[in-house]
Amino acid sequence: MGIAFSVRFWGVRGSIATAGREFAGVGGNTTCVEVRIGDEIVILDAGTGVFPLGQTLDRPLRATFLFSHFHWDHIQGFPLFRPVYEPENAFTIYGYGDRGADVEAVFAGQMQVPHFPVGLGALRAHLEFRALHAGSEIDIGPARVRAAALNHPQGCLGYRISVDDRSVVFATDTEPCEPGAVDPAVVEFARGADLLIHDAQYTEHEYDGCSGYGRRGWGHSTYDVACRTARAAGVRQLVLFHHDPAHDDRFIERMLSAARAQFLNVVVAREGVTLHVRGAATAYPEPAASSAPAESGGRYAA
Ligand SMILES: [Zn+2]
Ligand SMILES: [Zn+2]
């Protein structure tokens with residue numbers, strides 16, 4: 001059996017949140033993924049998806065944030081994550097930098113006048129900011145976490161979370177250094193993982209500028225790159241992640257069909273879905289045929 005190890009998707013969108021029925025099957029919130037390892041709660045990024053997550057967590061709460069980087073779509077939910085206002089809660093917050101003070105300064109800056117009505121001091125939970133860099137290794141309860149550099153403007157960290165012989169790799173916001181090639185460093189980092197959650201924001205056409213403007217140098221991958229990375233790394237299952245805000249459910253389904261021709265065990269990240277990491281038995285639950293948002297199950301309190 002081993003320790004319970006699961007991943008739940010609260011925000012799967014990149015760049016900006018979307019609303020509307022045509023996006024509801026996949027979900028409109030920006031990046032936030034909850035990882036449970038036994039009693040440990042690890043939160044990967046705090047895009048708008050962290051708000052509905054905050055509505056479900058019990059108090060007193062102790063959790064660890066691992067931030068990939070500090071672009072808006074990965075941090076904008078943080079000042080609205082209600083558990084950080086409650087003094088009985090405690091959070092350890094990791095992001096890249098040389099010192100914990102560097103990470104703290106990012107969150108203080110986000111809440112500065114005129115961007116937010118209250119400052120960082122209004123957060124009454126115990127907050128401990130810590131810095132990570134590529135190559136860092138930390139333990140969170142029974143999990144070993146490794147960080148690696150991803151190719152993204154201003155830098156980004158990928159995370160590999162390992163529990164006994166199972167592992168999940170979170171590689172959002174990454175672009176191959178050479179157009180048309182996969183990033184060998186990402187392949188190595190993801191080697192043999194049970195689950196690879198990978199940036200798949202664009203189609204090849206969009207990336208190359210065949211339809212509209214090109215997106216090279218914006219720091220994101222195509223689904224094609226995600227599939228080829230998964231194949232080269234020999235991962236068990238690939239989750240296409242960081243969906244473009246212009247892509248509705250039907251568009252993303254078409255991307256998924258095309259991706260399946262390249263890597264059979266590929267799925268699309270959808271809000272509200274929980275995936276249990278059980279080694280060979282790991283399987284992402286397929287949505288009901290209707291893809292109704294109620295089915296995907298995010299619990300939104302009023
Ligand atoms: Zn992003
Ligand atoms: Zn980014």
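Order of appearance sets the numbers: ligands from 1, and atoms from 1 within every ligand. Everything quoted here is computed from the prediction, not taken from an experiment.
Between the side chains of Q76 and T30, at least one donor-acceptor pair of N or O atoms lies under 3.5 Å.
Counting only protein N, O or S atoms, 4 lie closer than 2.8 Å to the Zn ion (ligand 2).
Using bins of under 30°, 30° to 60° and over 60° for the plane-to-plane angle, the ring pair H69/H74 lands in the tilted bin. In this structure, F91 and F65 have tilted ring planes: the angle between them lies in the 30° to 60° band.
Within the cation-pi definition used here (under 6.0 Å to the ring centroid, within 45° of the axis), R216 does not qualify as a partner of W218.
Note that the CG atom of L196 and the CZ atom of F170 stand 11.0 Å from one another [nearest 0.5 Å].
With sequence neighbours excluded, no residue forms a ring pair (Phe, Tyr, Trp, His ring centres under 6.0 Å) with H198.
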